[in-house]
There are 2 protein chains.
Amino acid sequence: MPPSIKQVAQQAGVSTATVSRLLNKPESVSSDTADKINQAIAALGFRPNFNGRNLRAGRSRTVGVVVPTLSNTVFAQCLQGIELAARSLDYSVMFTATEYRQEDEAAAVDLLLSHRVDGVILTVADASASATLDVLDSERIPYVLTYNQPQQASRLSVSVDNRAAARDAVAHLIALGHTRIQMLSGYFHASDRAIQRYQGYVDAMREHGLTPLTPIEVPRHTGLGVDYLQSFADPQQRPSALFCSNDLLAFAAMRDLRALGLRVPQDISVMGFDGIPLGEMMSPVLASAVQPSEQIGEVALRTLVAAIEQGSPDGAGQPASSILAHAIRHGGSVQIFVP
Amino acid sequence: MPPSIKQVAQQAGVSTATVSRLLNKPESVSSDTADKINQAIAALGFRPNFNGRNLRAGRSRTVGVVVPTLSNTVFAQCLQGIELAARSLDYSVMFTATEYRQEDEAAAVDLLLSHRVDGVILTVADASASATLDVLDSERIPYVLTYNQPQQASRLSVSVDNRAAARDAVAHLIALGHTRIQMLSGYFHASDRAIQRYQGYVDAMREHGLTPLTPIEVPRHTGLGVDYLQSFADPQQRPSALFCSNDLLAFAAMRDLRALGLRVPQDISVMGFDGIPLGEMMSPVLASAVQPSEQIGEVALRTLVAAIEQGSPDGAGQPASSILAHAIRHGGSVQIFVP
DNA sequence: CTGAAAGCGCTAACAT
DNA sequence: ATGTTAGCGCTTTCAG
């Protein structure tokens, strides 16, 4: 058992309250008792026990984070942003992944709530129909969604405008002369963002008088199977450009296209969504709708803390949802359409 | 304030002790009182407060994780493995990053210890000279190193054999006819692994009667500067193969080589270390010494839990350090040497 | 099988 | 400026 405030008090010849004061409001302790106490603290190697403090205070200065997976760089970057911002505000981070399983979302949040985190940052499959969010609402635990753009304005969120970003991406392809543009997407039911991005695709096509094609939905772990691209063998059949709902999918598609003997971008252009850093290091550079993942995390954390500290003395400003700016990254994976 | 065990007890007409018993040893409570209590729990939406429990128990079933950064996929995967394994063993994870700053290592561990985590998993700059590890040792907090291979056998760790893996990687290049092989590495002082990998490089060179070249040390964030490759312009000067201490560096190098007008692998072969998944999706595939990052995380967590539960009734086996198997991934970034 | 009571470490009134 | 005291939620003897 590590030393407690009690032993420090004894060693320093003061009461536990004074030790506590030194820890929390140092200016309210005379400098010589402070010295004595600090000495005792150093001698004993004392470190405050946050469990005691939290129990007493009813707050933990800890936030919970729930993401689908860390295998997708996007979420890793986001968590990175969260942790960095949390540290700067003296908050700690408890982390959980769900592997895209909705049951696990609920269990994860449950566990976090048992730890009495002050709030939660999460990305869910579908923000408009999530039992998990309902729990959070009913228990009045502050939370902030990342990547999700909920219908309900009451739900705090931080994301790009997925629909607009997708529209811009597809408009970019159209501007380069492409007319047969098809979307490759993860399962819609597993990601409300994928749906919004598809809507953006449709927007762009319609705006330019083009006919949207049926999207190709594929499972997340796009393994070795290239069945989903079978029709691409026929040059008449295949689109001239493929717009993927995320960069990982774009990479998988490019690999599979290559396996089919197709060249990117000469035979087909490929555009992604997310703008993961590695996309920029490779050749050809992966064109993509870039979202600022680390910043999404940072802003989400700040928003959450604002929500947590609502009405507290030093409470930050009113928390509000944010739509962060996206950008279109041009890259060699996309080429002017040549008939 | 959420409901406490006390309110549940009152609502169910029993004592708090009985509620606690139902929560912890359900079989020691009669089935009808159990019913009453469960009903009260459901009605109140009760959730145990781990702070109270931890305070009392002196254990938290929480582990702390400290990694340099999540921008490197390797650590993201590792954290993923940790979290997954933790969840399966009913442990929670508090996460921190250090951005490779040693001061932050100490601060991070300090914070985790204040939260009274039961143990820590961490990757440090230099496992043989780390104030942070000394603290952990002196406070008798169980910890497991990941990626680091400490000199001191007393320190638990999970990693590949960095030296042997590097030796194998370089031997692969030599087998393909390369003789002028140079190493590109992150700063040695920031990573003991980098040193071990350099030793492996030297081993392989010497074993084959070749002269090791002076390694090129570069900062982590290999920006746009290509100065470090300036000498490569001269075909006589440059090595025929570049062995990079990690995959991120390999990608950056390939990008910079391209900027210099050099082709990979025709003009120069490039080999990495880590074997990040994306390396396999691109063209050319990045040849690399693959370490099983997610598994490293998983094994580290299990080892840590074994150390924590040492001597406890259901204690797992004796904790021990692990050297996991590496593999050499062949890829198009490396080519047979043609004079 | 259940209850009463003590105490884990800490902080916040309330006194002095 | 400092001490006294009560209590946050929970578990665990000890009695019954």
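Letters A, B, ... are given to chains in the order of the sequence lines, protein chains preceding strands, and every chain is numbered from 1.
- Ion pair A:Arg87/A:Glu83 flagged as a salt bridge, since at least one NZ, NE, NH1 or NH2 atom sits closer than 4.0 Å to an Asp/Glu carboxylate oxygen.
- With DNA chain D read from its 5' end, the first of the two nearest nucleotides for A:Ser30 and A:Thr16 is the one closest to A:Ser30.
- The residue among B:Val14 and A:Arg47 whose nearest nucleotide of DNA chain C is located toward the 5' end is B:Val14.
- Taking atom CD1 on B:Ile41 and atom P on D:dC10, their separation rounds to 10 Å, with Å as the unit.
- Which of D:dC10, D:dT11, C:dC10 sits closest to the side chain of A:Ser4 comes down to C:dC10.
- Using a 4.0 Å heavy-atom distance criterion, B:Val29 is classed as a sugar-phosphate-only contact.
- Between the side chains of A:His115 and A:Thr62, not a single donor N or O lies within less than 3.5 Å of an accepting N or O.
- Between B:Ile5 and A:Ala17, it is A:Ala17 whose nearest contact on DNA chain D lies nearer the 5' terminus.
- One interatomic measurement links the two molecules: CD of B:Gln10 to C1' of D:dG9, which rounds to 15 Å at whole-angstrom precision.
- Remark: the A:Arg21 side chain and the D:dG3 base include a donor-acceptor N/O pair separated by less than 3.5 Å.
- In this entry the distance linking NE2 of A:His115 with P of D:dC10 reads 14 Å, nearest Å.
- Within residues 48-64 of chain B, the residues that have a heavy atom under 4.0 Å from DNA chain C are, in order of number, B:Leu55, B:Arg56.
- The ring-ring contact (aromatic ring centres under 6.0 Å, His included) check on B:Tyr143 picks up nothing, with sequence neighbours excluded.
- A salt bridge is defined here as a Lys NZ or Arg NE, NH1 or NH2 lying under 4.0 Å from an Asp or Glu carboxylate O, and A:Glu105 with A:Arg101 fails to meet this definition.
- Stacking of A:Arg220 on the aromatic ring of A:Tyr100 is recorded, both the 6.0 Å distance cut-off and the 45° axial limit being met.
- Rounded to a whole Å, the CD atom of A:Glu27 is 10 Å from the P atom of D:dA1.
- Distance B:Met1 CE to D:dC8 P: 9 Å, rounded to the nearest Å.
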Would you sort out whether A:Asp134 and A:Arg155 count as a salt bridge (Lys or Arg N to Asp or Glu O under 4.0 Å), showing the intermediate values? CA-CA 10 Å; A:Asp134 294 339; A:Arg155 297 190 156 157; 2.9 Å; yes
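- B:Thr33 has a side-chain polar atom (N or O) that falls below the 4.0 Å cut-off from OP1 or OP2 of C:dT2.
- Ionic pairing of A:Asp90 and A:Arg61 is not present here: no N-O contact between side-chain nitrogen and carboxylate oxygen is shorter than 4.0 angstrom.
- Atom pair B:Lys6:NZ and D:dA6:P shows a separation of 14 Å (rounding to whole Å applied).
- A:Thr18 has a side-chain polar atom (N or O) that falls below the 4.0 Å cut-off from OP1 or OP2 of D:dG3.
- Atom CG of B:Asn24 and atom P of D:dG9 are 17 Å apart (whole Å).
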